[in-house]
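The block underneath contains the structure these notes are about, expressed in structure tokens.
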Amino acid sequence: MVEERYHPQEIEEKWQRIWEEQKSFRIAEDSSRPKYYVLEMFPYPSGRIHMGHVRNYSIGDVVARYKRMRGYNVLHPMGWDAFGLPAENAAIERGVHPESWTQENILYMKTQLKRMGLSYDWERELATCEPEYYRWNQWIFLQLYKRALAYKKSSSVNWCPSCKTVLANEQVIEGVCWRCETPVMQKELEQWFFRITAYADELLQDLDRLEGWPDKVLTMQRNWIGKSIGAEILFPLVDREGALRVFTTRQDTVYGATFLSLAAEHPLALELCRGTSQEKTVKEFVERIREVNQARRGEEEGEKEGVFTGSYCENPFTGEKIPIYLANFVLMEYGTGAVMAVPAHDQRDFEFAKMYRLPIRVVIQPKDALLKPGEMTEAYVDEGIMIGSGPFSGLPSDEGRVKVALFLEEKGWGKQDIRYRLRDWGISRQRYWGTPIPIIYCDKCGIVPVPENDLPVTLPRNVPFTGKGGSPLLENRPFLEVSCPKCRGVARRETDTMDTFVDSSWYFLRYVSAKFDSAPFDSMKANYWMPVDQYIGGVEHAVLHLLYARFFTKALRDLGLAKVDEPFTNLLTQGMVCKETYRCEQHDWLFPGELAGSEREGWRCPRCNRPVEKGRVEKMSKSRNNVVDPEELIAAYGADTARLFTLFAAPPEKDLEWSAQGVEGAYRFLTRLWRFVIQHREILAAATSDLSQMELSADLRNLRRLTHRTIKKVTEDIETRFHFNTAIAAIMELFNAVSSCAKDGSESDGEIRVIKGALEAMIVLLCPFVPHVASELWECLGQQTALEGVPWPAYSKEAMEEEKLLIVVQVDGRVRGKITVPADASGEFIEEEALADPKVRRFLTGKEIQKVIQVPRRLVNIVLEG
RNA sequence: GCCCGGAUGGUGGAAUUGGUAGACACACGGGACUUAAAAUCCCGAGGAUCCGCAAGGGUCCGUGCCGGUUCGACUCCGGCUCCGGGCACCA
């Protein structure tokens with residue numbers, strides 16, 4: 001006797017075992033079938049999976065299983081983004097070694113992922129913290145170094161003087177260290193960089209080719225790269241040698257430049273004031289700006305502030321002598337660190353000029369107004385007609401921009417120029433748990449790359465984790481002390497490790513040959529599998545990860561390792577998983593479970609009994625006490641329910657609002673389906689779904705029609721737009737039709753066949769969403785073959801053909817009646833029927849019909865006069 | 001400030017090319033089964049209003065707001081409001 005109740009745990013365990021034993025999802029290259037590479041962003045092994053993972057990987061698994069059933073050779077791998085700070089923090093706080101901590105987490109999370117029934121080829125699993133992986137980070141670094149795409153320079157970083165360590169921007173919270181709350185300083189440090197700017201233009205251009213990416217992400221990347229077309233202009237210094245270089249995009253306003261502004265960090269800043277009365281003031285200003293500047297950058301757009309350097313330069317266009325100022329809003333990192341100030345046509349210069357009473361000269365006249373410097377309350381920054389601009393006066397500003405640029409090149413006063421907001425990628429991290437940068441410093445030979453044969457440079461295990469005093473690698477002498485590869489002399493190893501974004505910039509290539517040991521990946525296999533056809537992950541990686549991965553792909557292509565220009569053809573950025581929150585004004589976020597009171601009378605804080613504000617629906621996070629643990633969910637309802645709910649509750653790109661009742665509903669659907677099949681299993685297993693030569697009643701023909709329409713709908717929803725929620729709704733609808741059809745109990749041969757056909761279709765269609773229960777029910781229907789290998793069902797046009805059509809009849813655009821006509825009825829016939837319908841006629845009496853509009857197979861609109 | 005999204009019942013969402021707004025699900029209400037409850041099953045439902053003893057039927061309003069195009073607008077166009085996200089002294 002088969003257990004009648006739906007026990008997801010047993011079923012899921014059974015099928016997961018079968019898939020594992022039969023290696024159902026192991027994959028290899030196969031030139032006879034089209035390939036499909038579907039990839040979800042690999043997780044950081046933080047300890048446990050969260051709902052965001054459940055959603056991400058459920059979506060990916062639907063795609064993978066669907067494409068497999070469509071006959072594609074599907075690559076669907078999984079791995080671990082295993083380097084990173086939390087492992088080191090665990091070491092500092094709890095004395096666990098980062099490696100053991102990470103490995104334990106990986107092991108645990110892997111069993112959690114397996115519990116979800118995800119169809120990965122686990123033989124390709126990788127973890128970026130393994131020497132077999134990170135040695136190739138080092139190898140790639142060396143190749144980039146050879147081509148000057150990796151280089152070292154001094155740059156300023158966030159520095160916590162108490163922890164003696166560098167902080168990432170995210171670790172600086174309101175100007176203080178996230179861990180010890182010491183104010184963060186800026187410090188100049190020698191750091192390694194990747195020259196991503198060498199690819200700025202290609203990275204920008206190729207965005208146009210990424211048609212399968214969301215516009216939002218493309219826009220964010222465009223803004224991030226920030227290409228500006230303009231000119232570099234030389235302003236000769238007065239009474240001394242040299243000139244100041246400025247970058248501007250508005251060379252058409254150069255006649256209105258009445259002063260120059262430099263960044264406080266500008267190399268000439270102090271020199272320009274030397275010997276002038278301004279020397280002391282300038283020095284104080286520079287000092288102050290340096291302290292404040294970056295530590296609080298982005299906090300607010302404070303007052304414009306500056307100081308006169310005491311020196312002048314000449315505007316080459318006007319021949320005028322104009323003062324040089326330092327200004328707090330000029331950034332050394334962008335352009336040349338110097339700008340020509342045109343107060344009339346730049347808001348910042350305008351504010352600055354007002355404050356220091358500098359002249360404002362209008363050189364662009366708008367079409368519909370007359371600008372007077374004394375009356376302006378803000379800069380005029382739009383296009384217009386050039387005035388007071390010598391030979392250029394009278395030109396439209398956009399045209400003038402081109403002419404001025406050509407003119408200054410002719411005169412040798414500068415050149416046309418393009419600048420990017422994008423900066424080179426600093427990859428040095430003063431940390432232990434990352435890829436050691438393969439560089440050796442020798443007093444004699446200088447910077448010496450580690451010879452490729454000596455790779456990998458492995459992390460020493462035995463180091464102290466104190467959280468103080470910089471990288472633990474500095475304390476490990478066997479690691480630190482090496483002999484120079486060139487001169488064999490005493491040398492010192494680089495102790496910085498790489499940014500973990502390096503690891504994730506090429507992992508998708510490693511999967512094609514995860515165990516390959518003579519190069520980062522097997523180029524032949526990469527040529528077969530790449531690019532990734534569908535990449536799926538959170539929108540939080542819209543810029544950094546996705547930009548770095550694109551950069552690496554192009555760089556590796558130029559190294560001759562891969563052929564593709566772009567790594568990811570299609571990108572799906574899934575929404576966040578959210579849930580309602582509860583907040584007490586004194587005790588902050590509360591768990592729903594700890595609330596006192598009730599929904600009806602209002603919730604109260606268990607500690608202070610204050611009314612609790614039912615907060616907004618927010619992204620699940622520990623700090624907001626609104627997380628749901630997937631493990632508990634799966635233990636209570638099974639993986640299929642977890643998958644079904646997350647796929648059904650919202651389309652993937654939108655945020656998903658968690659609902660315990662919604663989960664219940666998903667579970668209820670699976671239970672109903674289960675019970676239906678189990679209750680009829682004998683009769684269904686014995687029956688066939690072959691309908692050839694069968695005479696069917698109208699009801700059965702309808703059910704058959706709905707079956708085929710559902711196949712079509714589900715196929716299109718998955719294929720064209722990943723709208724799994726509507727696909728699932730359609731399957732539910734079909735099931736509702738099946739169960740009400742079976743209710744009357746007549747059970748003719750034809751009926752059993754049609755119902756069996758409907759169920760077979762439903763189960764195959766459900767396989768990508770809820771693979772375990774679908775597999776089990778497939779078996780119950782008497783099927784021998786593995787469900788995941790069954791071809792996706794086709795829909796028959798003939799079976800979908802309507803016999804009767806429901807036509808809506810409108811009068812003046814309002815629905816007034818509905819008529820049913822044979823599917824092959826003529827337009828004339830339909831019009832006649834529509835006009836004859838009693839409900840319609842009431843609106844026609846005494847009126848004259850102006851015209852009748854027909855939408856074939858749908859509607860008739862009778863338009864009356866007036 | 002600039003750029004990108006979004007706004008539809010009590011709730012999540014559907015309506016794919018301009019053609020019956022509210023599929024599917026949740027929550028809710030009523031009923032059946034039960035000693036009872038849970039579970040399950042059945043029925044109902046956008047709002048207002050009218051007609052009828054009743055089953056039922058009718059009318060008007062309704063997709064953030066205002067206006068436009070159209071026989072017909074959640075969908076297209078113009079102008080706003082609010083919410084979310086990204087960037088933010090980038091010269």
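Treat the numbers as computed from the prediction; the structure is a model and nothing was measured. Note: hydrogens, waters and symmetry copies are ignored here, and every other heavy atom, side chains too, is used.
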Sort out the partner of rG29(B) for me: Watson-Crick or G-U wobble, both distances under 3.5 Å, none otherwise. rC43(B)

Return the nearest nucleotide to the side chain of V863(A); candidates are rG13(B), rC71(B), rA91(B). rC71(B)

Is a donor-acceptor pair below 3.5 Å formed from side chain R423(A) to base rC90(B), judging by atom type as modelled? yes

Among the nucleotides rC24(B), rG86(B), rG19(B), whichever has the atom closest to the side chain of M220(A) is rG86(B)

To the nearest 0.5 Å, atom CZ of F235(A) lies from atom CD1 of I324(A) at 10.0 Å

Considering only rA91(B), rG13(B), rC87(B), which nucleotide approaches the side chain of W224(A) most closely? rC87(B)

Among rA91(B), rC24(B), rU16(B), which nucleotide sits nearest the side chain of T249(A)? rA91(B)

Considering only heavy side-chain atoms of Q810(A), the closest of rG19(B), rC41(B), rC90(B) is rG19(B)

Measure from CZ on F645(A) to C1' on rA27(B) and round the result to the nearest Å. 14 Å

Heavy-atom side-chain proximity of F669(A) to T641(A) below 4.5 angstrom: no

Anti versus syn assignment for rG9(B), with syn defined as within 90° of 0: syn

Would you indicate which nucleotide in rU20(B), rA91(B), rC4(B) comes nearest to any side-chain atom of R858(A)? rU20(B)

Please check if the number of heavy atoms outside R245(A) that lie under 6.0 Å from its CZ is greater than 12. no

OP1 or OP2 of rC41(B) sitting under 4.0 Å from any side-chain N/O of R675(A)? yes

Would the base of rC71(B) count as contacting N861(A) through its side chain, where contact means a donor and an acceptor less than 3.5 Å apart? yes

Rounded to whole angstroms, how far apart are CG on L859(A) and P on rA15(B)? 20 Å

Side chain of V330(A), heavy atoms from C-beta onward: which of rA21(B), rC26(B), rA91(B) has the nearest atom to it? rA91(B)

For rC82(B), the Watson-Crick or wobble counterpart (both distances under 3.5 Å): rG6(B)

I want to verify a distance call: between rC26(B), rA23(B), rU20(B), whose nearest atom is closest to the Q661(A) side chain? rC26(B)

L244(A): which of L268(A), T336(A), L234(A), I233(A) passes side chain to side chain contact (heavy atoms under 4.5 Å, CB included): L268(A)

Spacing of I853(A) atom CD1 relative to rC71(B) atom C1', expressed in whole Å: 3 Å

Starting the side chain at C-beta, find the nucleotide from rU16(B), rA25(B), rG13(B) nearest to R721(A). rU16(B)

Can you see if the side chain of R668(A) gets near the phosphate of rC26(B) - specifically, an N or O under 4.0 Å from OP1 or OP2? yes

Working to the nearest 0.5 Å, report the span between CG of L547(A) and CD1 of I225(A). 5.5 Å

Would you kindly give the CG-to-P distance between D655(A) and rG85(B), to the nearest whole Å? 9 Å

For I862(A), report the nucleic acid contact type (base, sugar-phosphate, nothing); a contact means any heavy atom under 4.0 Å. nothing

Quick one: do the N736(A) and R672(A) side chains pair a donor with an acceptor below 3.5 Å? yes

R814(A) atom CZ is separated from rU20(B) atom P, nearest whole Å, by 16 Å

Can a side chain N or O of K839(A) be found less than 4.0 Å away from OP1 or OP2 on rG58(B)? yes

In terms of the nearest nucleotide of RNA chain B, which residue is placed more toward the 5' end: R672(A) or I728(A)? I728(A)

Nearest 0.5 Å, please: how far is CD in E232(A) from NZ in K415(A)? 4.5 Å

Starting the side chain at C-beta, find the nucleotide from rA91(B), rC41(B), rU59(B) nearest to F247(A). rA91(B)

Using whole Å, what does the distance between atom C1' of nucleotide rU11(B) and atom CD of E664(A) come to? 16 Å

Counting only side-chain N and O atoms of R816(A), is one of them less than 4.0 Å from OP1 or OP2 of rU59(B)? yes

Which is more 5' along RNA chain B, the nucleotide nearest F843(A) or the one nearest E733(A)? Just name the residue. E733(A)

